[in-house]
Amino acid sequence: MSISYIAKQIGESATLKLNETAAILRAKGDPVIHLGGGEPKGKPPLDAILAATSLLTSAEVRYTPPDGIPALKQAIIRYTEDFYGWRPAPEQVMASGGAKQAIMSALHAILDPQQEVVFPAPYWVSYPEMVKLVGGVPVPVTPEDGSFIPRIEDIEQVVGSYTKAVILNSPNNPTGAVYPEQFIADVVDFCERRDLYLIMDDIYHRLIFDGRRPVNCYQYAKDRSENSKLILINGVSKQYAMTGFRIGWAVGNRRLIEVMTNIQSHETSGPSALLQHAAVGALNGIQSSVGSLRTTLENNRNVLIEQLRSFDGVRLEAPGGTFYSFPDFSHYDKSSEKLSKFLLEKVQVVTVPGKEFGREGHLRISFCGSIKEITEGIDRMKWALDPNSPNELYIGQRKLVRDWS
Ligand SMILES: Cc1ncc(COP(=O)(O)O)c(C=O)c1O
């Protein structure tokens, strides 16, 4: 079959694939524990459901402006003012089918073929593929000291004449690391000086622990004019447990948002009217669910850290936000893919190989499920990996016997 050059470069989404695998195994009756997930399990806010239901029962579900209904744009403007201390104009805001599509539209709008986009590794699985989709070249940069916290020097070293943009994601998927304020300030300043776009993917910015506050990139932006190349990305998926609603947004300069809107208008005509209304409900409604989610996740994180400490061979940097941890399991197997497959086959625990995020030897373990899932999942992993474990493990009525050493 003849497919395009670009399509041939694009791999499947490892994380979505694992969701599918877990669902298939569960449907077969296997007692799968999914520690690879990327979505909170709580219910979306009632205000979101009511807003969508109200539109649906009106039966007036029509096309919307391609950049979003005015009520959603107003809600995003208020959100930006509340969390970033400045008020964008409606022409500086575009709603999208998830943060994912907002990032895609931004890349479409700014990149010419072969131009490079720099982002720190470990990185979200989709960044390299998104850049390739628009004909660009992804340039992941691993911090020199091997940690999860990049330094400005790491970024500076790889930026060259082909570089068009930098992407930062903090708190970070997959590590849960919260980048230091000084680093973000330095990158904002560097991108302004070098006339580079900076895409700030803040999708987890309210899911941050230990009383810390998210860094506001605008605080360090000297250029607030139409020349500003700072693009802020956010959405309702993670903070409101609304992953399936597919609403995200971008905030940027007027010309850029106009171009992104043109692109979006031809690609999708904009996000679903129904789900835009749901997002308005979430953004304008009672906000307590975000705080409860954060508290639950922080507690889950603490339980997970405790559990992982019981492994001799695991090294973990405690996540400061998100619902992901990225422990180093290389003591057990240098190949994260092999290890992840082994854990799924032997004890039916789903984890995501670190290789997918640009760092071998690690596994991404999510803590967005229940405490029971986390503790049982990690217990099973420990049983599978620790040579001193008893020979048998019971999962419900099912007896597992170690046939490996
Ligand atoms: C870092 C990061 N950015 C963006 C997204 C996309 O979010 P959305 O569901 O709004 O498309 C995700 C989802 O996993 C993510 O982890």
Side-chain angles (χ1 to χ4, degrees), residues 12-19 34 36-41 44 48 68 72 76 79 94-107 117 119-131 133 138 140 148 150 165-179 184 198-208 214-215 217 231-251 260 264 267-268 270-272 275-276 278-279 282-283 290 293 297 319-326 352 354 356-359 364-368:
E12 66 187 335
S13 160
T15 43
L16 295 185
K17 176 78 191 159
L18 279 167
N19 287 346
H34 195 351
E39 52 188 347
K41 289 289 171 316
L72 178 54
I76 296 168
Y79 185 96
M94 183 185 89
S96 242
K100 212 173 218 175
Q101 199 188 15
I103 300 170
M104 268 315 297
S105 305
L107 293 173
V117 179
F119 44 85
Y123 48 75
W124 179 39
V125 284
S126 288
Y127 292 149
E129 307 310 291
M130 289 168 139
V131 172
L133 264 174
F148 298 154
V166 174
I167 308 179
L168 291 188
N169 167 228
S170 171
N172 178 264
N173 177 6
T175 64
V178 179
Y179 293 163
I184 292 180
L198 173 57
I199 301 177
M200 284 297 306
D201 182 348
D202 270 13
I203 190 86
Y204 298 100
H205 81 140
R206 287 169 86 189
L207 303 180
I208 191 167
V215 179
C217 53
I231 308 172
L232 179 68
I233 303 290
N234 216 321
V236 296
S237 287
K238 313 289 179 174
Q239 53 180 321
Y240 295 106
M242 288 174 67
T243 45
F245 286 71
R246 313 303 310 124
I247 297 292
W249 61 82
V251 179
M260 286 171 61
Q264 181 160 283
E267 284 188 333
T268 65
S272 149
L275 305 176
Q276 289 188 60
L283 289 168
V290 185
L293 175 62
L297 292 176
T322 71
F323 34 76
Y324 310 109
S325 66
F326 202 57
V352 193
E356 305 290 346
F357 307 94
R359 184 73 67 93
R364 191 187 76 176
I365 298 180
S366 305
F367 49 89
C368 50

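Numbering of ligands and ligand atoms starts at 1, following listing order.
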Q.
Please tell me whether Tyr324 and Tyr204 form a close aromatic pair, meaning their ring centres lie under 6.0 Å apart.
A. yes
Q. Would you call the rings of His205 and Tyr79 parallel, tilted or perpendicular, where under 30° means parallel and over 60° means perpendicular?
A. tilted
**Q.** Test item: Lys238 side-chain N/O and Gly38 main-chain N/O as donor-acceptor pair under 3.5 Å
**A.** yes
Q.
I'd like to know if the side chain of Thr268 reaches the main chain of Gly270, judged simply by a donor and an acceptor atom lying under 3.5 Å from each other, with no hydrogens or angles considered.
A. yes
For ligand 1, what N or O to protein N or O distances fall under 3.5 Å?
from: ligand 1; atom 1: 3 (N); to: Asp201; atom 2: OD1; distance (Å): 3.4
from: ligand 1; atom 1: 3 (N); to: Asp201; atom 2: OD2; distance (Å): 2.6
from: ligand 1; atom 1: 9 (O); to: Ser237; atom 2: OG; distance (Å): 2.7
from: ligand 1; atom 1: 9 (O); to: Arg246; atom 2: NH1; distance (Å): 2.8
from: ligand 1; atom 1: 10 (O); to: Ala99; atom 2: N; distance (Å): 2.7
from: ligand 1; atom 1: 10 (O); to: Ser237; atom 2: OG; distance (Å): 3.0
from: ligand 1; atom 1: 11 (O); to: Ala99; atom 2: N; distance (Å): 3.2
from: ligand 1; atom 1: 11 (O); to: Lys100; atom 2: N; distance (Å): 3.0
from: ligand 1; atom 1: 11 (O); to: Arg246; atom 2: NH2; distance (Å): 2.7
from: ligand 1; atom 1: 14 (O); to: Lys238; atom 2: NZ; distance (Å): 2.7
from: ligand 1; atom 1: 16 (O); to: Asn173; atom 2: ND2; distance (Å): 2.8
from: ligand 1; atom 1: 16 (O); to: Tyr204; atom 2: OH; distance (Å): 2.7

Q. Hey, do the aromatic rings of Tyr123 and Tyr127 have their centres closer than 6.0 Å?
A. no
(Q) Treating Asn173 as the side-chain partner and Thr175 as the backbone partner, does any N or O pair qualify as donor plus acceptor under 3.5 Å? (A) no
